[in-house]
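Below you'll find the structure, written out as structure tokens, and then a few comments.
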Amino acid sequence: MKEHILLTSKIAIVMGARPQYMKAITLINKLLNYEIIVIDTGQHYDYNMSTTFLKQFKFPNVINLKVGSASHGVQTAKIIEGVEKVLLNEKPCLTIVIGDTNTTMGASIASSKLNIPIAHIEAGCRSYDRSIPEEVNRVVADTLSSFLFTASEEHVRNLILEHQFGKKYWVGDVLFDVLLMHFPRIVKEKTLDKLDICGPYYIATVHRNWNVDNPITFKTILKALNKSPYEVIFPIHPRSEKMLRENRLEKYIGSDLRLIEPVSYYDMINLIRKSEGVITDSGGVQREAFYLSKPCIVLKESTPEWKELVECEATHLVGADYNRIIQLLNNLPSFPRIKYYPYGKGNASAKIAKIIGDCIV
Ligand code: UD1
């Protein structure tokens, strides 16, 4: 017997922050038999953070809620209000939410209040630290979802331990699908020429609240990056840029630390692919480094969300420890031999589409 029966073939998919656009389009491309309502909350609104993705991935009609930045409460409230209006109008049989942003949580709340089942992509991912806003977003989305699609087996175990009610499916990481699907076009992009990069370099991304909101921590990271043996290319997220300016940290940017505007998905993958290694506090970039066989320095004390990467020594945890960052920048172990791919084979979106399709009558 089917556990979920969905009665129309209209599906809403909600996105709004940079990493969600390319995952959404990959899923949409596998859900071709359904009418898809694409909702962009507008959580991210800068050209480089949103429009560039919408253009590059040729989205079908998108309903933009233009929520923008605000405190977490206000931003989430606006997302709930906006998504609810669209869902009331469109009456989809399912809402798909992705990842762990305020968009994910707000859309889950709106959908559950209208009794519209939710499918959560990247379910079960846990840091076990509720002071991280994304952790709260994940727990809420998982609690409200009927379909819990996870990237790893460990994430299924997390959901079971929490007695989460939704049906759990280990499908693998949609981000891996995105990479495989776009790779032939990515390699044709002349990213390094465009950015005038010639020598060896590291690529860095730093934007999480625990690293950039505290000026002492952010300063420590910047000072350590300046001690790199290679140039460090740092596409700076607007949040980090704002913190840099407000805390007058510009003086800690030396000549070998090159700040650039946020880059497109294709450019980012090329920057990782051609680098000597990656420095990041992003879960997505950690996985992309892994799929591209690049060693990765992670600016976190622990990463239970993606612990398999640490276990196989593909990523190295340094927190914001000045000496440890410098030590790794100067002696970064080469990428290890990988015997097992914990996040699937890059066919997660097809599996998700099949499972959803089997429930639609
Ligand atoms: C959000 C997600 C995070 C994800 C990241 C990807 C939450 C809680 N966090 O973090 O999980 O890794 O997106 O980028 O949802 N800003 C701009 N222009 C923009 C977007 C943001 O100027 O287009 C600035 C604003 O000052 C804003 C700040 O960045 O207040 C933070 O943006 P917000 O969307 O709240 O969270 P992110 O840090 O981007």
Side-chain angles (χ1 to χ4, degrees), residues 14-24 39-55 64-80 82-83 97-110 120-123 125-127 129-142 151 173-175 178 204-214 217-218 234-247 259-265 267-268 278 280-289 298-300 303 305-306:
V14 190
M15 56 193 195
R18 182 172 57 174
Q20 291 167 330
Y21 296 112
M22 61 266 194
K23 294 175 196 165
I39 307 172
D40 178 2
T41 62
Q43 176 175 343
H44 285 174
Y45 46 87
D46 280 2
Y47 185 87
N48 288 337
M49 300 294 287
S50 65
T51 320
T52 174
F53 292 88
L54 296 175
K55 281 192 174 166
N64 192 327
L65 304 178
K66 297 197 165 55
V67 160
S69 294
S71 67
H72 282 257
V74 171
Q75 188 180 57
T76 308
K78 285 182 176 172
I79 292 167
I80 297 173
V83 172
V97 299
I98 307 166
D100 56 15
T101 67
N102 291 343
T103 289
T104 315
M105 178 171 76
S108 304
I109 294 172
H120 183 204
I121 316 293
E122 289 181 15
C125 184
R126 292 288 182 275
S127 64
D129 178 353
R130 293 272 168 103
S131 70
I132 299 176
E134 287 79 5
E135 180 77 353
V136 177
N137 295 342
R138 294 169 185 143
V139 172
V140 174
D142 283 340
D173 184 7
V174 173
L175 199 57
V178 178
T205 77
V206 191
H207 76 274
R208 306 312 284 267
N209 58 342
W210 65 83
N211 279 332
V212 300
D213 289 7
N214 179 334
T217 309
F218 198 10
F234 180 5
I236 189 160
H237 187 291
R239 174 200 192 90
S240 315
E241 217 255 323
K242 185 174 153 207
M243 292 304 167
L244 190 85
R245 253 186 300 110
E246 281 181 10
N247 296 306
L259 265 54
I260 59 173
E261 297 269 299
V263 293
S264 71
Y265 174 66
D267 284 338
M268 187 62 196
V278 177
T280 191
D281 55 11
S282 147
V285 176
Q286 277 177 59
R287 272 130 68 212
E288 284 163 346
V298 176
L299 302 168
K300 291 181 76 180
T303 183
E305 302 96 315
W306 310 105

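Just so it is clear, the values below take in all heavy atoms, side chains as well, and ignore hydrogens, waters and symmetry mates. Read the numbers this way: they start at 1 and go in the same order the structure lists the ligands and their atoms.
Closest heavy-atom approach to atom 15 (O) of ligand 1 within the set Arg138, Gln43, Arg18: this belongs to Gln43. The closest non-hydrogen atom to atom 30 (O) of ligand 1, taken over Ser69, Ser240, Ser50, Ser282, comes from Ser69. The closest heavy-atom contact to atom 16 (N) of ligand 1, among the options Gly68, Gly284, Pro238, comes from Pro238. Closest heavy-atom approach to atom 39 (O) of ligand 1 among the candidates His44, Glu135, Gln75: His44.
Checking only distances, Asp46 does come within under 3.5 Å of ligand 1, N or O to N or O.
Residues Tyr265 and Thr52 bring no donor and acceptor atom of their side chains to less than 3.5 Å of each other. Side-chain atoms of Ser282 and Thr205 form no donor-acceptor pair, as typed in the model, at a separation below 3.5 Å. Counting only N and O atoms by type, the side chains of Thr104 and Gln20 include a donor and acceptor under 3.5 Å apart.
Taking the six-membered ring where tryptophan is involved, the planes of His237 and His207 are essentially parallel, since the angle between them stays under 30° and well short of 60°.
Residues Glu135 and Asp129 come closest through the heavy atom pair CB-O, 3.2 Å.
Neither the backbone nor the side chain of Asn209 has a heavy atom within less than 4.0 Å of ligand 1.
Looking at Asp213 and Met243, their side chains come closer than 4.5 Å, going by heavy atoms from C-beta outward. In this structure, the side chains of Val14 and Thr41 come closer than 4.5 Å at one or more pairs of heavy atoms. Proximity of Phe234 to Val206: side-chain heavy atoms (C-beta onward) are separated by under 4.5 Å at one or more points. Counting only heavy atoms from C-beta outward, the side chains of His120 and Asp142 approach each other to under 4.5 Å.
Under a 4.0 Å heavy-atom criterion, Pro19 is in contact with ligand 1. Distances from ligand 1 to the non-hydrogen atoms of Arg208 include at least one value under 4.0 Å.
Of the protein's non-hydrogen atoms, the one nearest atom 28 (C) of ligand 1 is Arg239 CB, 3.8 Å. What sits closest to atom 8 (C) of ligand 1 on the protein, heavy atoms only, is Asn102 OD1, 3.4 Å. What sits closest to atom 9 (N) of ligand 1 on the protein, heavy atoms only, is Glu134 OE2, 2.9 Å. For atom 26 (O) of ligand 1, the closest non-hydrogen atom on the protein side is Lys242 CD, 3.4 Å. Nearest protein heavy-atom contact of atom 5 (C) of ligand 1 is His207 NE2, 3.6 Å. Among all protein heavy atoms, the one lying closest to atom 17 (C) of ligand 1 is Tyr45 OH, 3.1 Å.
If you number the atoms of ligand 1 from 1 as listed, the ones under 4.0 Å from a heavy atom of His72 come out as 8 (C). Shown in contact with Thr101 at under 4.0 Å from a heavy atom are these atoms of ligand 1, numbered in order with element: 2 (C), 7 (C), 15 (O). Using a 4.0 Å cut-off to heavy atoms of Asp100, the atoms of ligand 1 that qualify are 11 (O).
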Given side-chain contact (heavy atoms from CB on, under 4.5 Å), test Glu305 with Lys300 step by step and report yes or no.
CA-CA 11 Å; Glu305 302 96 315; Lys300 291 181 76 180; 2.9 Å; yes

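Atom-to-atom distance recorded for Glu122:CD and Lys23:NZ is 3.5 Å, nearest 0.5 angstrom.
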